[in-house]
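Throughout, numbering of the chain's residues begins at 1 and tracks the sequence. Reckoned from all heavy atoms, side chains included, excluding hydrogens, waters and symmetry mates. These numbers come from a predicted model, not from an experiment.
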Amino acid sequence: MTGEPGWGPRPALTDRRGRPRRTGWRRLLPTWRMVTGGVLAVLIVLIGGFFLGYALVSIPDPNAAATAQSNVYLYADGKTEIARDGEVNRENVTLAEVAKNTRYAVLSAEDRNFYHESAVSPKAMVRAAWNTATGKGRQSGSTITQQYVKNYYLNQSQTAVRKVKEFFIAIKLDRNESKDQILEGYLNTSYYGRNAYGIQAAAQAYFAKNASELTTAEGAYLATLLNAPSEYDLAAHPENAPAAKGRWNYVLDGMVKEGWLSKSERDATVFPTIDKPKPVASKAGQRGYLIEAVNRYLADNHIVDADTLAMGGYRIVTTIQKPKEDAFVAAAQKNIYDKLGKKQADKYVRAGGASIDPATGNVVALYGGIDYTKQYVSSATNRTYPPGSTFKPVILASAIQHESSTQDKQPITPSTVYDGTNKREVIGDDGPTGYKPENEDGASYPSISVTRAMDKSVNAVYAQMAQDVGTSKVIDTAHDLGMPDGVKIPQTPAMALGAFGASPLDMAQVYATLANHGKQIPYSLVVKITKDGHDMDLPKREAVQSVPREAADTTTSVLRSVVDSPGATATVAQDSGWPSAAKTGTAEEDIAAWFAGYTPKLATVVAVLGMNPDNGKQEKLYGALGVDRVNGGGPPGSVWADYTAAALKGVPKVNFKLDTRNGDSEQPPVTTSRPTDTPTSTPPPTTAPPTTTTPPTTPPTTTAPPTTPPPTTTEPPPTTEPPTPTRTFNPIGGVTGGPGGTGGGQDEASPPSG
């Protein structure tokens, strides 16, 4: 066998030089010569590219950023101008005219290695690219030199070509100018918010002093603004105080680390008091509120960031309809500001509101307050006041959406009967929770239906219902209806009292979704935006059935009862002349009163808030506007009714078409006159019920008695107990001015309730 061909050892395979050839997986690996050659080739290309770029890119003349264009804001018709904004407020100063501690604060915030490193930092650029790619937040990785080049010579566009130019110009600039010259240019071209370009304008805008006079705390605050100039202006956004102060502390700690500030000085430094914004004539009336709301919408939706928008040149057509905006102003003036008296509480009155077309999601009117030059913070977007009982419909919608049951396993429907005894302890799956909500004025309703409990805004019932449904499910429903994630709803039964901060615009989004039969359309403030004649992309806003129509429409039918039933809290809505669904809300100690409601064509929320014009503290409104107590059915409801009547004047009147448990139903016409006799307690039923009843044949929709099976025991009139306020919420204070005021600062707020 051994002599036959094909047997025995095979000769080794070799290359032309007689070396054994690589076999198997080793053939896939490059040789050291290939690796060396490849590395050398890449280095040659990079070095050649660097020198080529350095030779081709020259330092250009300063661009038009030094004299930014105006932004033009238009009403929804695309023709009528609201305002022009964006004219640059700048006063250049030398580096010697900037306080040394402020210079160090800016270096600590933006580029701590500025004086002893090159104009570009490849390490920082790689780190920023990695953090951006891995979802840790978008970062520029730019040095102060690169930022100055972007501000002064180039533009804010995020393109590869611009970044390459920035890289080479920064290197050349670093060779042609000193570090002090570059830092001086950076300080004079950076944007600090409040339309202030440059450190001198910023020092005047926030502290009414020259840049040379800034304290360490003030300089650190201005350095903080470079990171987010619009968001960290706490006069405009007091809710961002934790983030701004965190950044401020980061700047100071960096100064200590770099040896620019001693530890003892750092410990003695306290957060500075920020001046009230100075009035801007071009933003008088509602103009300033509209501009600020539109700008924030553009930034929040990543259409145009604040820094880029501040450079000007944008033409913005808003969703605001001038006739409706004018109607809102007139209604607020007539029902609130014309009724101000001379009591101390009258000085605290602030009003705000928002109105949305449910079919499109467009904000058609926004009322921020008496005048932007007198009251800087918009009451339409202020998220520091509790919405009170206007949140109760969300709990009912969630109960229907999730087919929830009571503690004794009965389905929750509009006719389900609850114990509404004042201060009744909420019962959970594991027994008593310890939470005992107080009803308004201490009224008790030992046996009351879900519908009538909404009519009378019974806290005891809806706190228990929130527990029955599950507070996490209620929060999910709130988000389904359009409540922003930024609104922090407590995961406790106290949510029934609206014990959290939300703005009228936030609540208008929720009620617009209910009006649109559970289809959510994210609200918009912009119809069209163009730059240099080119349209910019806007977010896609498709209607999504986020809440089942049955849940939304059943909630609407109950809210119609709040308008149409004698003794209910929202009967003032009948003055609009339109079929309406609504809910009132009043915060603890009368610091806020709300009216939230809708017709088939318009969803609107109005709030009257109590705020100290000097320090932003939330204040009680007892005795203001000529009434002992300001409640939602009073001035806010009157504004709502007058505005709605005017806004829908000439629009063909239609009724609600609701799809409840028994199918699609056209709601019958409702009376448009106010009842002459409004009882103060629930009309006694005729028969006694068990804890709950069977589902109704039709949810109540008119002033006629509900068609649900009548209870079988007499519902006693409400009993009263001395009110004992239950504090459940302590928001950050807002800032504002008021009639005769000039603006506001910031302060901690007093705790409200639902």
Quiz item: How would you list, by chain and number, every residue that makes a side-chain contact (heavy atoms from CB on, under 4.5 Å) with Val72, sequence neighbours excluded?
Solution: Leu74, Glu81, Arg84, Arg315
Quiz prompt | Residues forming a side chain to side chain donor-acceptor pair (under 3.5 Å) with Tyr73, sequence neighbours excluded | solution = Asn295
Practice problem: Using the six-membered ring of Tyr376, assess whether NZ or CZ of Lys276 lies under 6.0 Å from its centre and within 45 degrees of the ring axis. | Solution: no
Self-check item: Side chain proximity check, Tyr372 to Ile291, heavy atoms < 4.5 angstrom
Solution: no
Exercise. Please examine the side chains of Pro504 and Trp594, heavy atoms only from C-beta on, and report whether any two atoms are closer than 4.5 Å.
Key: yes
Quiz item: At their closest point, which heavy atom of Gln509 faces which heavy atom of Tyr523, and how far apart are they?
Solution: OE1-N, 2.8 Å
Exercise. Before giving the answer on side-chain hydrogen bond (donor to acceptor under 3.5 Å, both in side chains), spell out for Asp346 and Tyr337 the whole-Å C-alpha distance, their side-chain angles and the decisive distance to 0.1 Å.
Key: CA-CA 9 Å; Asp346 287 303; Tyr337 295 106; over 6 Å; no
Practice problem: Find out whether Val304 and Met536 are in side-chain contact, i.e. whether some heavy atom of one side chain is under 4.5 Å from a heavy atom of the other. | Solution: yes
Quiz item: Counting distance only, does the side-chain N/O of Arg296 pair as donor-acceptor with the main-chain N or O of Ser230 below 3.5 Å?
Solution: no
Quiz prompt | Whether over 12 other heavy atoms sit under 6.0 Å from His116 NE2 | solution = yes
Quiz item: Has Lys322 got more than 12 heavy atoms of other residues, nucleotides or ligands less than 6.0 Å from its NZ?
Solution: no
Practice problem: Looking only at non-hydrogen atoms, find the nearest pair between Ser282 and Ala83 and report the distance. | Solution: O-CB, 4.1 Å
Quiz item: Any cation-pi pair here, Arg112 with Tyr250, using under 6.0 Å and within 45°?
Solution: yes
Exercise. Sequence neighbours left out, what passes ring-ring contact (aromatic ring centres under 6.0 Å, His included) with Tyr104? Give chain and number order.
Key: Trp260
Practice problem: Kindly compute the distance separating CD1 (Ile529) from CD1 (Ile303), expressed to the nearest 0.5 Å. | Solution: 6.5 Å
Quiz item: Is the closest side-chain heavy-atom distance between Gln200 and Asn210 below 4.5 Å?
Solution: yes
